[in-house]
Amino acid sequence: MTEQFPLGQLAQAAPAQLVQWMAEVQPLVGLGHLPQYVPELAQVNPETLALAVQPAQAKLIGLGDVSCRFSLMSLMKPFLLLFVLEEQGADIVFDRVGMLPSDQSFHSLKQLAADRGHPRNPMLNSGALSLVELLPGRNGTERCRVFCQWLQQKSGIALTVDQTMLASVRELPNDTNRALAQMLKNAGSISSMAKALDTYNQICCLAVTVSALAQLGLLLAVRQDCIQRRSQRIVNALMLTSGVYEVSGEWALRMGLPIKSGVSGGILAIVPGEGTIALYSPAIDDAGNSVAGACLLEKIIQNFDLSLF
C-alpha cells in the first residue's frame with residue numbers, strides 16, 4: 001500500500017501542483033447550474049473558484065478567489081450536529097434523528113414520509129430542522145447567536161449572518177422545507193414550524209470564506225481539548241456516509257474522506273488527523289454538489305493518496 005502523503009507536506013511542497021490542477025478544472029467552472037429557489041444564490045458569479053488547504057501543523061495555503069464570501073447553507077450541518085452532540089449528548093441526538101444513509105435528495109419529502117417523520121440522518125434538511133430544536137434560545141436569532149458564539153469559542157472563527165442572503169431566502173419561502181417542517185411537527189419532533197425554519201434559515205446564511213471554512217473544519221479533523229473524540233468520530237462517519245446525499249456512496253469510493261457540500265457551491269473535506277480541504281465554486285450538479293469543486297477535490301485526494309482506504 002502506498003504511504004499516505006501528509007497534508008502538511010502537500011501545503012508546503014506542492015502549491016505549484018495545486019495551481020496546475022486548478023487550471024485543469026477551469027473549463028468545468030461555471031458548468032452546472034445556480035440554485036433558483038434563493039434569488040441571491042442565482043445571482044452569484046458562476047466563474048468563481050477558490051481552494052484552501054489547512055494542515056494541522058502548517059500554515060494554510062489559499063488559491064483562487066479566496067476573499068469571496070459565501071453562505072454555508074448545508075455546510076452548517078456537521079457543525080450543528082457537533083454542537084448538539086457536545087451540548088446534549090448522542091442519546092438525545094439519535095432519539096431525534098437516525099444514522100442511516102439515504103438514496104434520496106437532501107430535501108426529500110418521500111424519504112421523510114417513508115421514515116414516518118423521523119429523519120433518516122442529520123445531513124438531510126429534515127435532520128437539521130429537527131436538531132435546531134436543541135439549540136437554546138427563544139427565537140431563531142437567539143439560537144443562531146448561541147451557535148455562532150460556541151463556534152467562535154471552539155475555533156476562533158467569527159461567523160455572521162449574511163443579511164442580504166437571509167432576506168433573499170425569506171423572499172421566496174421554501175415550500176419543500178415548510179412541508180418537511182410540517183411533517184416534523186406532526187411527528188412531534190419540533191414545537192414550532194416558524195421557529196425551526198427561521199433558525200435553520202439563519203444558520204444556513206452564515207457567511208464564510210474558504211479559508212474560514214477550512215479552519216472551522218479543524219474542529220473535526222484533529223484532536224481538540226475542547227471537543228470530545230466520540231463527537232468527532234460520529235460527525236465524520238455521518239459525513240462519509242451521508243454528507244453528499246444520494247451520491248455519498250459513490251464519493252466514498254472515489255474520494256474516501258468525510259465530505260460535506262452545500263448548494264452555495266462550497267465543499268469541506270476532512271482528512272482525519274491531518275487537516276482539511278475547502279473549496280468553493282458555485283455552479284452545482286443535480287445532487288447539489290459543486291461541479292468544478294468536486295473535480296478539483298478528487299484530483300487532490302487521488303494524487304496525494306489522502307483516501308482513508
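Fair warning: this is a prediction, and the values are worked out from it, not measured in the lab.
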Open item on the list: A quick test of your reading: do over 12 heavy atoms of other residues, nucleotides or ligands sit less than 6.0 Å from CZ of R116?
Closed with: no

Task: Separation between CD of Q54 and CD of Q215, rounded to the nearest 0.5 Å - done: 5.5 Å

- [ ] Could you note down all residue pairs passing side chain to side chain donor-acceptor pair (under 3.5 Å) where residues 255-264 supplies at least one of them, sequence neighbours left out?
- [x] Y245-K260, S261-N289

TODO: Look up atom CG in L206 and atom CE in M73, then write down how far apart they are to the nearest 0.5 Å.
DONE: 10.0 Å

Review item, side-chain donor-acceptor pairs of residues 62-72, under 3.5 Å, at least two apart:
residue	atom	partner	partner atom	Å
D65	OD2	L49	N	3.2
R69	NH2	A207	O	3.4

Open item on the list: Check whether Q224 reaches the backbone of L218 with its side chain - one donor and one acceptor, N or O, closer than 3.5 Å.
Closed with: yes

- [ ] With rounding to the nearest 0.5 Å, note down the distance linking CD in E133 to CZ in R96.
- [x] 5.5 Å

Open item on the list: Holding to salt bridge (Lys or Arg N to Asp or Glu O under 4.0 Å), I want the full list of residues that pass it with E47, two or more places apart in sequence or in another chain.
Closed with: none

Open item on the list: Can you tell me how far apart CE (M183) and CD1 (I190) are? Round to the nearest 0.5 Å.
Closed with: 11.5 Å

Task: Heavy-atom donor-acceptor pair, E142 side chain to R138 backbone, under 3.5 Å - done: yes

Task: Residues, nucleotides or ligands: over 12 heavy atoms within 6.0 Å of K185 NZ - done: no

Open item on the list: Let me confirm one number: the NZ-CG distance from K195 to L135, rounded to the nearest 0.5 Å.
Closed with: 10.0 Å

Open item on the list: Could you check whether any side-chain N or O of T276 sits under 3.5 Å from a backbone N or O of I270, counting only pairs where one atom can act as donor and the other as acceptor?
Closed with: no

